[in-house]
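Owing to the predicted nature of the structure, the values given are computational and were not obtained by experimental measurement.
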Amino acid sequence: MAEFVHPDDLQRANALLGRHLDGQSDYYECDVRMRHKNGRWVWISDRGRVTRRDSQGRPTVISGTHVDISERKAAEQRVLESEERFRRLFEDSRQPLMLVEDGRFIDANRAALDILGLAGLTELIGKTPAQFSPELQPDGKPSAVKVKEVMDTALREGCHRFEWEHCKLDGSHFFAEVMLTPIRFGERSIIHVVWTDITQRKLLEARMKQFEAIVRFSDDAIISKDLDGIIVSWNHGAELMYGYSAEEMIGNSIRRLLPLDRLDEEDLILEKIKRGEYVEHFETVRIRKNGETIQISATISPIRDDKGRVVGASKIARDITERKKYEAELDKLSLTVEQSANVVIITNLDAEIEYVNARFLEATGYSVKK
């Protein structure tokens, strides 16, 4: 029979048969590959036992069966290969992956250990998600309480996606989008956990919210428009300055604010913006909703898309009407003093001369430098 058994199975089969023949086992049982008549290998379930021995205990009759189990072995091999593929997918994925059972980690891949700063699985196995979380989540709820809530939701609904703040071994924090998917094995319920690190996104969101708050509550008019001058955003400062609400202005042309004799200004500004240039401290005149004319100082900057192309403009404008009135009054006063028939001299608290008018120079014969 030896010439019919696969070489890799022969030693194991002989060892098991030898134990049975020696009386060390009640029966002989072994799965082996045997050569078919056509030369191919066939898996056989070889079962048998000694049914008769001589007076000295030596086996004289062995009865048994051979059952073709090739299909079963092929199915088992497919299962093993499938398990290996999924194990490789699990272990080699760059996405942090974990398995949780009864509220505790039972497995994790290298990416999950790395993001937590752990050297090996032993530092994770048996621990709860709350042990790698701050005491409170951003909404103020205890992490330990929320862990149970999200697990229950996943088991009830079949999956659950949410955001979570985690703690690394070194105490630093990071945010992840978490996806929980229950996997049932008979009576067991294992939860497959996928993390996506969103720390940078959360930082950008926080900065964006801060920026939005600055824009929303700024006293300056902050406006964005496309390259045709159509208004895209309009903050509260713009509402106060011009008298129009955001609903009245968004989608309309910025030219609505320009006096008729200054309509060409917008074309010149947009041409500069299209070339990627900035317009800084541009002083001009605009018209409020009530028809009142105001003087403004504006800075206009190009808005670029993710490819660096100019797609619009942002404008920050400040009402300088009162400042201009003050400057005009000051100019008038300066002219009055300069042209006064009386001698005018201004000194500081140290009696140092800071200003003299023309009549002083004429009366004393001194020059301004002296």
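- Checked by atom type and distance alone, the side chain of T128 never pairs as donor or acceptor with a backbone atom of G103 at under 3.5 Å.
- With hydrogens and angles ignored, the 3.5 Å screen pairs a side-chain donor or acceptor of H20 with a backbone N or O of V50.
- In this structure, R53 CZ and T60 OG1 are separated by 8.5 Å, a value rounded to the nearest 0.5 Å.
- In this structure, K148 places its NZ atom where only 12 or fewer heavy-atom neighbours from other residues, nucleotides or ligands lie under 6.0 Å away.
- A salt bridge does not link E239 to K289: none of the charged nitrogens lies less than 4.0 Å from a carboxylate oxygen.
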Can you check side chain to side chain donor-acceptor pair (under 3.5 Å) on T284 and R286, steps first, answer last? CA-CA 7 Å; T284 186; R286 294 293 180 261; 3.2 Å; yes
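- Between L258 and E266, some side-chain heavy-atom pair lies under the 4.5 Å cut-off.
- Shortest non-hydrogen contact noted between M179 and C159 is CE-CB, 3.6 Å.
- Hydrophobic clustering, with ILVMFWY side chains joined whenever heavy atoms are under 4.5 angstrom apart, keeps L97 apart from W195.
- Between R49 and E29 there is no salt bridge, since no side-chain N of the basic residue sits under 4.0 Å from a carboxylate O of the acidic one.
- Using modelled atom types, one finds a donor on one side chain and an acceptor on the other under 3.5 Å when comparing S233 with S224.
- Remark: D319 does not engage K324 in a salt bridge, criterion side-chain N to carboxylate O under 4.0 Å.
- Between F175 and R201, every side-chain heavy-atom pair lies at or beyond the 4.5 Å cut-off.
- In summary, R156 and D152 do not engage in a salt bridge, as defined by a charged side-chain N under 4.0 Å from a carboxylate O.
- A donor-acceptor pair under 3.5 Å is formed between the side chain of E248 and the backbone N or O of S245.
- Judged by distance alone, the side chain of S172 and the main-chain N or O of K168 form no donor-acceptor pair under 3.5 Å.
- Side-chain contact between L136 and P142 is present, with heavy atoms from C-beta onward closer than 4.5 Å.
- For the atom pair OG of S70 and CH2 of W43, the computed distance is 9.0 Å after rounding to the nearest 0.5 Å.
- Of the options D46, D68, D9, a salt bridge (charged side-chain N to carboxylate O under 4.0 Å, His left out) to R33 is made by D9 and by none of the others.
- A salt bridge is defined here as a Lys NZ or Arg NE, NH1 or NH2 lying under 4.0 Å from an Asp or Glu carboxylate O, and E135 with K141 fails to meet this definition.
- A donor-acceptor contact shorter than 3.5 Å is absent between the side chain of E271 and the backbone of L268.
- In this structure, the side chains of L180 and M151 come closer than 4.5 Å at one or more pairs of heavy atoms.
- Salt-bridge formation is not detected for the pair R188/D102: no Lys NZ or Arg NE/NH1/NH2 atom is positioned less than 4.0 Å from an Asp or Glu carboxylate oxygen.
- Hydrophobic clustering (ILVMFWY, side-chain heavy atoms < 4.5 Å, transitive): V193 and F162 are in one cluster.
- The shortest heavy-atom contact between L121 and L113 is N-CD1, 3.9 Å.
- Listed here is the closest heavy atom pair of A317 and I296: CB-CD1, 4.1 Å.
- With rounding to the nearest 0.5 angstrom, the CD atom of E101 is 8.0 Å from the OG atom of S189.
- Side-chain N/O atoms of S25 and R19 include no donor and acceptor closer than 3.5 Å.
- Put simply, M241 and I222 are part of two different groups of oily side chains (I, L, V, M, F, W, Y) that touch within less than 4.5 Å, one to the next.
- Heavy-atom neighbours of D219 CG from other residues, nucleotides or ligands within 6.0 Å: at or below the threshold of 12.
- Proximity of a side-chain donor or acceptor of D197 to a complementary backbone N or O of T199 within less than 3.5 Å is detected.
- When all heavy atoms are compared, the tightest approach of Y244 to L257 is CE1-CD2, 3.8 Å.
- Between A13 and Y28, the shortest heavy-atom contact is O-CE1, 3.6 Å.
- Other residues, nucleotides and ligands contribute at most 12 non-hydrogen atoms within 6.0 Å of the NE2 atom of H236.
- Checking Q95 against T196 by side-chain atom types alone, a donor-acceptor pair falls below 3.5 Å.
- Using a 4.0 Å cut-off between a side-chain N of Lys or Arg and a carboxylate O of Asp or Glu, E165 and K202 do not qualify as a salt bridge.
- Taking the six-membered ring for Trp, F174 and H166 have ring centres closer than 6.0 Å.
- A pairwise comparison of heavy atoms in W41 and F4 identifies CZ3-O, 3.5 Å as the closest pair.
- Salt bridge annotation for D31-R72: present, with a cationic side-chain nitrogen under 4.0 angstrom from a carboxylate oxygen.
- Between the side chain of T299 and the backbone N or O of I316, no donor-acceptor pair lies under 3.5 Å.
- Checking side-chain atoms of N109 against main-chain N and O of S93 turns up a donor-acceptor pair under 3.5 Å.
- Between L227 and I273, the closest side-chain pair of non-hydrogen atoms falls below 4.5 Å.
- Environment of CD in E157: crowded, with over 12 heavy atoms of neighbouring residues, nucleotides or ligands closer than 6.0 Å.
- Residues I231 and S253 are not in side-chain contact: their nearest non-hydrogen atoms beyond the backbone lie 4.5 Å or more apart.
- For the pair D220 (side chain) and A238 (backbone), a donor-acceptor distance under 3.5 Å is absent.
- Hydrophobic clustering places V310 together with V279 (ILVMFWY residues linked when any side-chain heavy atoms are closer than 4.5 Å, directly or through intermediates).
- Residues L99 and I191 fail the side-chain proximity criterion, which asks for heavy atoms closer than 4.5 Å.
- Rounded to the nearest 0.5 Å, atoms NZ (K225) and CD1 (I250) are 14.5 Å apart.
- For the atom pair OG (S63) and CZ (R47), the distance works out to 15.5 Å, reported to the nearest 0.5 Å.
- In this structure, the side chains of R255 and D267 come closer than 4.5 Å at one or more pairs of heavy atoms.
- Salt-bridge check for R318 with E283: failed, with every basic side-chain N at 4.0 Å or more from each acidic carboxylate O.
- A salt bridge is defined here as a Lys NZ or Arg NE, NH1 or NH2 lying under 4.0 Å from an Asp or Glu carboxylate O, and D139 with K146 meets this definition.
- Hydrophobic cluster membership is shared by V147 and L116, with clusters built from Ile, Leu, Val, Met, Phe, Trp and Tyr side chains linked at under 4.5 angstrom.
- A distance of 5.0 Å separates CG of D226 from CG of D228, quoted to the nearest 0.5 Å.
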